[in-house]
Structure formats: structure tokens, C-alpha cells
Amino acid sequence: DGTLHVEEKLFLEAINRYWGLHVIFGKGELDWTKEQLEIIEADEERRIVVNAMPGAGKTAVACAKISRMIDEGIPASQIWLMSFTRTAVQELRNRIASFAEEDEDVIGVKIATIDSRAWQLRFGMRDEQGKNLFQSYDLSISEALSLIKANPEDYEQAFGGISHVIIDEAQDITGVRLQLIEAIVEMLPPKCGVTIFGDEAQAIYGFTSDEQPEAAGQNFLKVLRECYSENFEFLELNSMHRTDNLALLKLVDELRLEIQVENPRDVIKQEDAAKKIRAASDNKETLFQADEYKGLDDTLVLF
């Protein structure tokens with residue numbers, strides 16, 4: 001289609017690597033929207049929170065931003081990227097490489113899950129590395145948090161060389177992980193930029209919090225809006241690029257509004273949702289009939 005997409009570049013890299021064929025191509029440049037470019041090209045010292053809907057190109061934007069900063073002379077080792085799961089971290093590693101001119105350009109980027117970053121913070125600042133290696137994740141993070149609070153000067157010095165921090169899936173950062181990320185951000189040098197990606201409509205962990213009652217339902221995106229609105233700019237990625245089916249796009253927009261409003265309806269009627277999904281789909285034959293679900297108040301529809 002005239003555009004070199006990220007996945008296409010990864011495929012060409014595989015050909016180069018496994019078959020020894022010389023492939024010449026530049027970066028995986030995409031047709032960025034204005035809202036995407038604002039985030040990619042933002043000055044590295046800016047602190048931004050990006051609320052991004054599914055399919056808005058959040059991961060591609062994050063990786064392109066990192067590649068741009070490296071191209072402009074920021075050492076890869078001065079860029080931190082933290083995400084919630086190991087799967088997300090691996091995807092980010094692959095995607096960042098796809099935007100770089102050379103793999104070596106991005107190899108130094110500090111990419112880790114929040115839990116592994118907590119482990120590194122704990123054992124990088126103490127001698128008892130063998131102690132409690134197999135304790136729970138939450139306990140490990142709590143201990144890292146306690147160390148940061150007990151030795152702020154040591155950690156401020158350790159964080160002093162960071163130029164930019166990117167945090168992904170912020171809607172799922174809750175409880176002690178939320179407190180740890182807050183502590184890290186507060187200790188960053190004033191000129192260290194921060195870009196935080198998330199989607200409040202996709203938050204799935206807040207309601208399972210077993211922390212103290214006042215923490216239940218809180219996630220990092222909510223805390224940022226309520227407590228740090230003067231320190232961050234809040235931007236949106238609201239264009240879905242996974243489909244141009246207008247009916248599906250309208251359906252997603254409507255259901256996101258249902259999820260995000262302060263006082264949503266008690267339930268989205270199953271038969272209504274089924275009819276909307278069926279009407280929006282290009283492949284109606286494979287979808288259930290709405291009539292089959294009438295009166296089943298405990299039905300959960302995933303799409």
C-alpha cells in the first residue's frame with residue numbers, strides 16, 4: 001500500500017537475519033496523525049499523560065518517541081520504559097527496534113516491568129541480595145518503596161542521570177505499584193521528562209484491590225488527574241486505526257462513554273449490545289443471535 005508498516009519491517013528484518021539477504025529500508029514510518037505527532041515530537045522535558053483508546057497506535061507512538069529521542073542525541077541508557085506485564089515489555093522491545101536505524105541504537109534503553117524494576121531498586125542499593133528472594137511480588141515492591149523513602153538521597157542520585165521515563169498501561173497500576181511509581185516520579189530530576197500512556201476505560205485491576213479500603217478502585221491515571229494536574233499535560237489519542245467500519249467505530253465510542261461516565265447505567269442490556277455488535281459486523285454469520293440472550297441478566301458479552 002505504499003507505506004512501510006512496523007510489522008512489515010519486522011518481517012524484512014527476519015529475512016535479513018535468517019536468510020542472509022541484504023534488505024535496504026529506512027525506519028517504519030507511518031502516516032502519523034496530528035495528535036500522534038504531538039506526542040512523538042514533544043520536547044523530552046515535557047511531562048504528558050496520554051489517554052489512548054484501543055487501536056489508537058499507542059505502542060507505535062511510544063516506540064517512535066523513543067527512537068526520535070535517541071536520533072536527537074539522548075543516550076539510550078538515559079531512557080526508562082516501564083510496563084505492567086512481561087508480554088507488553090517484549091512487544092515494546094521489538095517495536096522500538098523496528099523504528100531504529102540500527103538495533104545497536106536502542107539496545108541500551110532500560111525496559112522492564114514494574115515488578116522487575118522494584119527488584120532492581122531493592123538489590124541495587126543493599127548488600128543482602130540473597131535475603132527474601134522468593135517473597136511475594138507485593139511484599140517485594142513494598143520493600144523497594146520503604147528503601148526509597150528511607151534513603152531518598154541515594155535514589156535521587158541514582159535517578160539523576162535519567163532523561164526521560166515512559167510508563168505504559170497506567171490504568172492497571174494500583175496499590176503498592178501505584179505508590180512505587182509515584183515515589184519514582186517525584187524523585188526524578190526536574191528536567192527529566194515523563195510520558196504516561198493508559199486508558200481508563202480498560203482498567204481491570206482497581207476493583208480487585210486488596211489494599212486498604214481508601215485505595216480500592218484507584219489507579220495511576222485517576223491519581224494523576226486528581227493530584228498531579230498542575231504537573232502534567234493531559235492529551236488524548238481518540239482515533240482508532242484498526243478498522244474503518246463506521247458502525248464498529250460508533251459502537252466502541254458509545255460503549256467507552258458508558259464505561260467512563262461518573263454514574264453509568266446499571267447495565268447495558270444484553271440484547272441491545274448483541275444487536276449493535278451484529279449490526280456493526282461485516283461478518284454477521286459468525287455472531288450469536290440477539291434473541292438467544294433475552295432475559296439472561298448475568299450474561300457477559302466480550303468483543
Side-chain angles (χ1 to χ4, degrees), residues 32-69 74 78-85 88-89 91-92 95-96 109-114 117 159 162-206 209 215 217-241 253 256-257 259-262:
W32 301 114
T33 64
K34 183 178 178 180
E35 59 186 7
Q36 289 173 329
L37 278 174
E38 182 177 2
I39 298 162
I40 294 169
E41 298 176 351
D43 187 275
E44 63 269 12
E45 295 182 7
R46 284 173 66 181
R47 297 194 170 191
I48 299 170
V49 178
V50 183
N51 191 48
M53 72 181 300
K58 173 197 66 172
T59 303
V61 166
C63 296
K65 182 179 182 69
I66 290 173
S67 178
R68 180 197 63 78
M69 288 190 290
I74 296 176
Q78 294 181 12
I79 301 172
W80 275 22
L81 194 156
M82 287 181 281
S83 190
F84 194 75
T85 66
V89 164
E91 180 186 4
L92 287 162
R95 296 285 286 275
I96 292 169
V109 177
K110 309 290 187 183
I111 308 175
T113 63
I114 296 169
R117 179 65 64 196
F159 296 155
I162 305 174
S163 295
H164 201 89
V165 173
I166 293 180
I167 299 167
D168 194 22
E169 306 294 355
Q171 77 279 353
D172 291 330
I173 300 175
T174 63
V176 290
R177 289 170 183 79
L178 190 159
Q179 296 172 51
L180 176 66
I181 295 297
E182 274 190 285
I184 291 174
V185 170
E186 288 173 0
M187 284 194 171
L188 293 174
K191 289 191 174 182
C192 176
V194 181
T195 306
I196 298 169
F197 292 93
D199 180 9
E200 286 190 37
Q202 294 187 68
I204 60 173
Y205 287 104
S209 174
Q218 287 294 308
N219 64 56
F220 193 33
L221 283 182
K222 284 186 177 180
V223 169
L224 285 165
R225 289 190 183 279
E226 293 172 5
C227 305
Y228 296 91
S229 58
E230 295 182 359
N231 306 100
F232 285 86
E233 303 171 58
F234 291 82
L235 303 179
E236 302 273 343
L237 288 177
N238 284 323
S239 299
M240 180 183 280
H241 303 287
D253 284 339
R256 282 174 63 78
L257 284 174
I259 293 167
Q260 292 184 96
V261 292
E262 288 297 322

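In what follows, every heavy atom counts, from backbone to side chain, and hydrogens, waters and symmetry copies are set aside.
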Q) Is there side-chain contact between I166 and V194, with heavy atoms separated by less than 4.5 Å? A) no
Q | Nearest-0.5 Å distance, CD of residue E186 to CZ of residue F159 | A | 11.5 Å
(Q) I need the T195 OG1 to L235 CG distance, nearest 0.5 Å. (A) 9.5 Å
Q. Just how far is it from atom CD1 of I114 to atom CG of L180, taken to the nearest 0.5 Å?
A. 7.5 Å
Q) Hey, what do you get for SG (C192) to CD (E44), rounding to the nearest 0.5 Å? A) 10.0 Å
Q: Name all residues meeting the salt bridge (Lys or Arg N to Asp or Glu O under 4.0 Å) criterion together with E236; count only those two or more places apart in sequence or in a different chain, and write none if there are none.
A: R225
Q | Intermediate values then yes/no, side-chain contact (heavy atoms from CB on, under 4.5 Å), M69 and Q78 | A | CA-CA 10 Å; M69 288 190 290; Q78 294 181 12; over 6 Å; no
Q) Thinking salt bridges, do E38 and R46 make one under a 4.0 Å N-O criterion? A) yes
Q. I40 and A64: which non-hydrogen atoms are nearest, and at how many Å?
A. CD1-CB, 3.9 Å
Q: Supply the atom-to-atom distance N51 CG to Q202 CD, rounded to the nearest 0.5 angstrom.
A: 9.5 Å
Q | Basic-acidic side-chain contact under 4.0 Å: K58, D199 | A | no
Q. Does some side-chain heavy atom of N219 sit less than 4.5 Å from a side-chain heavy atom of V223?
A. no
Q: Using modelled atom types only, decide if a donor and an acceptor are shared between the side chain of E35 and the backbone of N238 within a distance under 3.5 Å.
A: yes
Q | K191 (side chain) donor-acceptor with S163 (main chain) under 3.5 angstrom | A | no
Q: Apply side-chain contact (heavy atoms from CB on, under 4.5 Å) to W80 and I167, showing your working.
A: CA-CA 8 Å; W80 275 22; I167 299 167; over 6 Å; no
Q) What distance separates T59 OG1 from D168 CG, expressed to the nearest 0.5 Å? A) 6.0 Å
Q.
Set out, in order, the CA-CA distance, both residues' side-chain angles and the distance that settles side-chain contact (heavy atoms from CB on, under 4.5 Å) for L221 and E200, then state yes or no.
A. CA-CA 7 Å; L221 283 182; E200 286 190 37; 3.6 Å; yes
Q: Find out whether E45 and H164 are in side-chain contact, i.e. whether some heavy atom of one side chain is under 4.5 Å from a heavy atom of the other.
A: no
(Q) Tell me the closest heavy-atom pair linking F232 and V185, and the distance in Å. (A) CZ-CG1, 4.1 Å
Q) Mind checking whether F197 and V49 have side chains closer than 4.5 Å, heavy atoms only? A) no
Q: Show your reasoning for whether side-chain contact (heavy atoms from CB on, under 4.5 Å) applies to V109 and I66.
A: CA-CA 9 Å; V109 177; I66 290 173; 4.0 Å; yes
(Q) Is there a side-chain contact between V50 and I196 in this structure, where contact means two heavy atoms from C-beta onward sitting under 4.5 Å apart? (A) no
Q: With the side chain counted from C-beta on, respond yes when Q36 and L237 share a heavy-atom pair under 4.5 Å apart, and no when they do not.
A: yes
Q | E230 with R47: basic N within carboxylate O range, under 4.0 Å | A | no
